[in-house]
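A quick note: this is a predicted structure, and the numbers were derived from the prediction, not measured. In listed order, ligands and their atoms are each counted from 1.
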Amino acid sequence: MEFPHEEVPPGVIAVCAQLREAGHRAWIVGGCVRDLLLGRAVGDWDVATSARPDEVTRAFRKVIPTGIDHGTVTVLHRGEGYEVTTLRGDGTYSDGRRPDEVTFVDDIADDLARRDFTVNAIAYEPTSRALVDPHGGLADLDARLLRAVGVPAQRFGEDGLRILRGARFVATLDFELEAETEAAFAGVLDVFAKVSPERVREEWLKAMKADRPSRAFEVMARTGILARTCAPLGELAPDLFRLSLEALDASEATGAERLAALLHRIGRARGAGEGAYAQTSADLAEGWLREYRFSNAERRTIGHAIRHHRELLDLDPADAGATRRFVASVGRDEWEPVARLAAAVGRAEGTDPGETLAAVQTVAASPAPLAIGDLAIGGREVIGALGGGGRMVGQVLEALLARVLAEPAANEAELLLAAIPEIRADLEARQ
Ligand code: ATP
Ligand code: MG
């Protein structure tokens, strides 16, 4: 396989060359090598070097000791930062999470041996233009296979996160899991259970960037990872799980919001019927998002979308009053995540909610009054008309809004004031 040397940024090549001139060796390694060989966009450039951190520090004028205890230094070259990490060996892992200590090594092969998958264990030395591939990563790239470096069960036992990374790479790289590698997942679920919620969240978020994130969740479901991470999702009936995965892939939401599609029906695994799953699913999803340390804003957006998407799908686009009531209840500024989820779920269910979505968008963009604050009169005028304050003021405003949602032309001060006596009589009759 020809390595696309020209696509390595000049700054990365210059950093490697400078280390070489100082008497050390330097390679680019890991995800950047893999992605270059696959013709994918490269996220971050990781440089591995035989130089110890203090030697790296001496070889450059400006460095930031980013993670110097782990051997990582950020080198500044022409204003850009590059992460340079000293070659590390395979430490012992007693807690299934982190090596007990960091050991520096001289041989690139020792550094590659501690990495998780063969396609992540290829190094390229820009100065010699040589590829280092001791684990057959190039052949696996070619075959689009994700294979553990070394003995899978042993490697996964060192760090429980690796199996989740494996599931995630199946989706983001669109690879298949090599059979022996997958067979080792089930035996390390107890180690996986010790992984911190933050690291799990990061992998789920990375999976959301795939064209078809469902591929990661299929792996998680069949290997038992899902049952250990999000029990209701793991317990969904097969047809509902499939529907959720289809909604996930169809979703045009980005980042955490895409999870709304995956989680929208989890309430069905907790007793909620098809007619009323949205509320239960939203509550469960919010609890799960809290457990996995998603931000308050992410939790609110996802919960809101799940809670209201079914109302949108059930809306009759020809009913203008109902459409206005819907936008008023979800909020003029908060309808979009709801609409994105409804679109994804509609696609998965084989319906086309296009007309409803257009009707909702038109209302949200129109000047139609949708909130009490949009009414032509306010609390002061209502108090005047009632001859006093009290609990009824809010109730009258609500009733006025209901009239205006049904008939926007009614939003004139005189018309609203004229309606108050009748509203008052109604309210008093009901007390
Ligand atoms: P991406 O950045 O696209 O998510 P990546 O492969 O670059 O994928 P990083 O987390 O950036 O992943 O890690 C860089 C490299 O470090 C990996 O390619 C792999 O060689 C190694 N690595 C990362 N995490 C682990 C781990 N948990 N166990 C073993 N090796 C790992
Ligand atoms: Mg990376």
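Salt bridge Arg155/Asp116: absent, no basic N to carboxylate O contact under 4.0 Å. Electrostatic pairing of Arg340 and Glu252 does not count as a salt bridge here, judged by no charged N lying under 4.0 Å from a carboxylate O. Between Arg347 and Glu246, none of the side-chain N atoms (NZ, or NE/NH1/NH2) sits under 4.0 Å from a carboxylate O, so this pair counts as no salt bridge.
Within a 6.0 Å sphere centred on CG of Asp239, heavy atoms belonging to other residues, nucleotides or ligands number more than 12.
Legend: residues meeting ring-ring contact (aromatic ring centres under 6.0 Å, His included) with His5, ordered by chain and number and at least two apart, are Tyr124. Scored by the ring-ring contact (aromatic ring centres under 6.0 Å, His included) test, Tyr292 finds Trp288 as partners (sequence neighbours excluded).
Each of Gly30, Gly31, Arg34, Asp46, Arg114, Arg115, Asp116, Asn120, Asp159, Arg162, Arg165, Arg168, Phe169, Lys206 has a non-hydrogen atom positioned under 4.0 Å from some atom of ligand 1.
Of all protein N/O/S atoms, those under 2.8 Å from the Mg ion (ligand 2) are Asp44 OD1, and waters are not counted.
Looking at Arg332, its side chain does come within 3.5 Å of a backbone N or O of Ala364 through a donor-acceptor pair.
Exactly one residue among Leu36, Asp140, Leu138 makes a side-chain contact (heavy atoms from CB on, under 4.5 Å) with Ile122. That residue is Leu138.
Glu298 and Thr301 share no donor-acceptor pair across their side chains, judged by distance under 3.5 Å alone.
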